[in-house]
Amino acid sequence: MADPSTQASLQPRPQQTQSSGTTGSNSMPGSANCDPARPGLSQQQRASQKKAQVRAFPRAKKLEKLGVFSACKANDSCKCNGWKNPHPPTATRMDLQQQAASLSEPCRSCGHALADHVSHLENVSEEEINRLLGMVVDVENLFMSVHKEEDTDTKQVYFYLFKLLRKCILQMSQPIVEGSLGSPPFEKPNIEQGVLNFVQYKFSHLPPKERQTMFELSKMFLLCLNYWKLETPTQFRQRSQKDDGTAYKVDYTRWLCYCHVPQSNDSLPRYETTHVFGRSLLKSIFTVTRRQLLEKFRVEKDKLLPEKRTLILTHFPKFLSMLEEEIYGENSPIWEADFTMPASEGAQLGHPTAVISPAAVSSTPSFSKSNSCSTSLGTMSLDAVVAEPKTGEKRKLPEALTLEDAKRIRVMGDIPMELVNEVMMTITDPAAMLGPETSLLSANAARDETARLEERRGIIEFHVIGNSLSQKSNKKILMWLVGLQNVFSHQLPRMPKEYITRLVFDPKHKTLALIKDGRVIGGICFRMFPTQGFTEIVFCAVTSNEQVKGYGTHLMNHLKEYHIKHSILYFLTYADEYAIGYFKKQGFSKDIKVPKSRYLGYIKDYEGATLMECELNPRIPYTELSHIIKRQKEIIKKLIERKQSQIRKVYPGLTCFKEGVRQIPVESIPGIRETGWKPSGKEKCKELKDPDLLYNMLKNLLAQIKTHPDAWPFMEPVKKAEAHDYYEIIRFPIDLRTMTERLKNRYYVTKKLFIADLQRIITNCREYNPPDSEYCRCANTLEKFFYFKLKEGGLIDK
Amino acid sequence: MALVSADTKISELLTELHQLIKQTQEERSRSEHNLLNIQKTHERMQTENKTSPYYRSKLRGLYTTAKADAEAECSILRHALDKIAEIKSLLEERRIAAKMAGVYSDSDPPRKTMRRGVLMTLLQQSAMTLPLWIGKPGDSPPPLCGAMPASSDYVAKPGDKVAARVKAVDGDEQWILAEVVSYSHSTNKYEVDDIDEEGKERHTLSRRRIIPLPQWKANPETDPEALFSKDQLVLALYPQTTCFYRALIHTPPHRPQDDYSVLFEDTSYADGYSPPLNVAQRYVVACKENKKK
């Protein structure tokens with residue numbers, strides 16, 4: 001479907017349709033090998049042809065041309081700023097055949113000779129003359145553009161550039177765009193870096209060939225962006241009602257001056273869009289650009305090379321959707337200046353210092369500000385300012401995030417935001433009311449609640465520190481490292497002290513240190529393997545008299561956020577028997593998803609220890625997770641209370657469970673619909689309309705099954721006397737008689753329930769009996785039979 | 001029903017406590033005038049630079065009044081403290097009754113569902129709210145105030161916290177924090193529950209294996225003799241655990257709310273002792289065995 005609005009926007013500007021180098025070939029759109037998608041010559045091509053033509057003129061002709069843009073120097077009083085030909089050429093002005101005007105030819109407006117206008121060019125090199133001529137051609141082009149352009153904003157910029165170039169010809173200077181636009185690059189990291197980070201971040205786990213595909217897609221996307229015509233500020237304002245478009249207008253003007261206009265007017269310095277702009281521009285243009293891009297590909301799909309066609313039509317939309325998540329996502333790591341590419345381990349390890357900010361999510365795209373510290377401070381330093389927990393401010397951040405998330409991922413039957421906000425208002429923090437007794441936490445407080453409060457109050461601090469051999473040592477860090485070594489060796493008495501020392505002071509290992517009153521009271525020593533995509537937890541301990549306060553949990557949560565920032569999403573560790581419990585509570589499991597080849601030979605292997613893994617979810621703000629969940633629970637509780645006060649009806653409890661029914665469909669519970677509960681999925685609309693119809697069908701079907709010659713083993717419940725251990729092995733026994741009863745009780749309100757019970761008869765039989773037994777043979781035949789019948793009755797798809 | 005009546009009893013007591021506190025303030029405002037008088041009289045004597053018999057008798061009268069006022073205020077405060085003690089004991093009774101009946105309220109869930117961290121906070125809380133013993137002038141601190149040992153025939157009541165020497169599964173003996181369940185006068189044995197019900201163990205122990213914990217804090221400013229002194233060997237609850245270990249007093253508390261600073265015996269440190277750690281008065285008891293095992 002062509003979007004009429006975008007089509008309309010494309011129409012009045014003929015130069016833009018060619019500007020998208022989107023056909024997948026890596027050739028630049030302006031180059032000579034003409035693309036079938038681009039009819040005729042691009043404006044850029046025309047401009048360069050014209051320039052070549054002009055530059056091939058004899059000198060006299062060149063001077064005449066420049067004279068038109070040069071001030072008269074006959075005397076001081078003459079204000080004429082360009083020689084006007086007294087005999088305007090009849091044919092095309094640039095006709096080669098036409099004789100060059102003589103230097104003595106007087107100007108139509110001031111009467112002075114052409115020579116008086118071009119006297120300053122006498123001793124100027126041919127090269128400079130050619131440069132000026134280039135500007136002349138561009139000025140002429142811009143003049144045309146100013147006339148053709150209908151959008152006021154764009155027109156203004158064209159006119160400004162037109163004047164700028166004219167001035168430069170007059171003064172023989174270099175064109176420099178001045179004013180409040182700033183100079184490129186306008187944002188860091190730039191779009192190209194962000195998109196390449198995205199490819200690393202999302203696809204580095206893929207096999208090389210697929211990774212290459214994704215890389216090519218990213219290159220193509222960047223190329224498209226560089227030649228893509230942006231929508232005008234007016235269109236932008238119309239599209240996004242919320243944004244007033246001031247910021248976009250600035251970006252648009254920058255783009256015109258530095259990227260777009262220089263493409264066809266090469267006397268202006270040119271920059272690539274993806275090099276000088278960053279996430280904020282991409283945020284403003286992505287939705288529209290994506291739609292236009294995909295539409296263009298769709299329209300032009302027949303002109304694409306066959307091998308590119310599959311790539312573009314199958315992978316590109318998905319690629320763009322994934323990219324979209326990272327562009328608009330709250331805490332995407334790809335826009336971090338210090339995003340570490342898994343491929344560049346060597347460089348990465350040179351910086352064992354980093355800072356844990358209280359929340360790993362940076363809500364504002366203030367890239368340079370928040371990131372400069374970790375790179376510039378060098379190896380042996382830390383930034384206490386950032387590491388200081390910010391009271392008050394911190395609390396808000398994750399809440400805003402959850403709300404933001406809730407907004408983004410709309411779920412069916414979601415509660416309107418206004419209602420949630422309203423409920424939020426009524427939930428007052430109970431701790432705020434209680435006066436001096438707040439330190440007494442309720443019995444079901446989260447494990448890390450105390451630690452979180454203490455961090456907020458500045459009682460405890462978290463810092464990632466490490467030793468360095470190349471950098472001068474900071475005494476405080478060294479003291480902390482010694483403190484860590486002491487804590488580890490006291491708490492892990494089975495580890496040789498020398499071994500602990502070696503690793504804590506090893507420059508490739510880092511330690512997240514927990515500091516209280518300036519002293520180390522705990523820490524997690526770890527080694528990152530960015531190339532392998534995991535981090536090894538080496539030591540983890542809290543000093544004995546500070547245990548059971550939630551510090552261990554809070555430490556691990558900080559470590560998780562630190563790793564999300566650095567795009568490593570797997571922890572591996574060899575846990576000894578006392579540590580397994582701790583790691584389980586921190587979300588570690590004995591199921592290892594990281595392939596063995598990735599960690600074998602990298603991780604330190606300990607005898608008698610258990611390998612455990614933790615997979616991180618980059619969307620979770622771990623240090624605030626328990627708090628967020630607590631809030632969510634409170635909200636749900638309030639919502640339930642509200643609902644209860646609206647619906648004042650009490651139903652008698654269900655009795656069917658006492659009678660041996662194991663499960664009933666949720667929708668059959670009296671009153672459940674009144675609470676606003678809706679069955680999920682589509683089957684309800686198909687089936688529930690006529691329960692009697694379903695009942696009769698199932699009754700008929702069950703009767704047929706019961707008369708099948710191979711149904712005899714399944715007619716009645718298995719007797720314990722016949723198979724004494726049957727009920728120990730089979731947890732959910734079922735048989736045809738029970739099914740008949742259930743049918744009679746109207747238990748089978750969906751066909752799904754009925755089929756599930758039928759299938760269970762078969763699976764139970766196969767589980768209990770050997771495969772070559774008579775029972776299993778019956779089960780096989782019966783299964784075939786009833787599936788045939790189900791299909792026949794249209795209860796399942798054929 | 002018993003629980004309900006305890007509730008009403010507590011709310012009655014709280015009302016009385018509230019009134020007592022108000023009375024204290026009234027008493028204070030009343031005596032304020034007299035104290036001001038004393039101050040003024042002193043100033044006047046200063047300026048006149050002589051002690052006339054008039055002033056002498058006036059001051060005597062004023063001071064007698066002030067003393068009476070102070071005593072009245074003091075008795076109200078003591079009365080209020082008694083009320084607090086009564087409320088606490090009622091709460092304790094209720095807790096024990098609930099425990100016996102296996103009924104738990106929301107605010108006091110069964111231990112086994114309690115996180116260890118919460119248990120630790122409760123233990124700290126109980127140490128912090130241990131009442132401070134305030135004697136009348138000339139009174140000496142009673143048994144179980146601070147370091148004062150219980151009398152030899154003392155029997156701990158059900159619900160009291162004690163240090164109990166138990167045999168662990170591996171045969172090692174350990175002093176644990178426990179709660180008295182009952183005492184049998186016929187066998188002279190205690191039944192105690194491990195406070196840390198993760199073990200869910202009930203122990204039957206002879207008297208000498210039980211050390212009752214102090215029931216009052218000693219005030220270092222008025223009753224320093226009721227505190228352990230520096231370098232004395234004690235049993236102290238290791239922070240964030242429910243076990244008592246041998247330790248040396250590093251520094252006794254200086255103010256009523258201060259903790260002891262103690263050095264635990266710990267062979268993993270070069271000098272055989274841990275760095276100084278803080279332990280509340282509530283959890284420091286005399287160590288009977290003076291010889292190291």
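Since this is a predicted model, take the numbers as computed values, not measurements. Proteins come first, then strands; the chains are lettered A, B, ... in the order of their sequence lines, and each starts at number 1.
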Sub-4.5 Å side-chain heavy-atom contact between A:Lys549 and B:Met120: no
Toward chain B, the part of A:Ser544 with a non-hydrogen atom under 4.5 Å: both
Residues, nucleotides or ligands: over 12 heavy atoms within 6.0 Å of A:Arg519 CZ: no
Spatial distance of atom OG1 (B:Thr241) from atom CD (A:Gln547) [nearest 0.5 Å]: 10.0 Å
Crowding at NZ, B:Lys167 (>12 non-hydrogen neighbours, <6.0 Å): no
Smallest separation among heavy atoms of A:Val548 and B:Arg116, with atom names: CG1-CB, 3.4 Å
Separation between CG of B:Leu277 and CD of A:Glu546, rounded to the nearest 0.5 Å: 8.5 Å
Other residues, nucleotides, ligands: >12 heavy atoms within 6.0 Å of B:Lys230 NZ: yes
More than 12 heavy atoms of other groups within 6.0 Å of B:Lys22 NZ: no
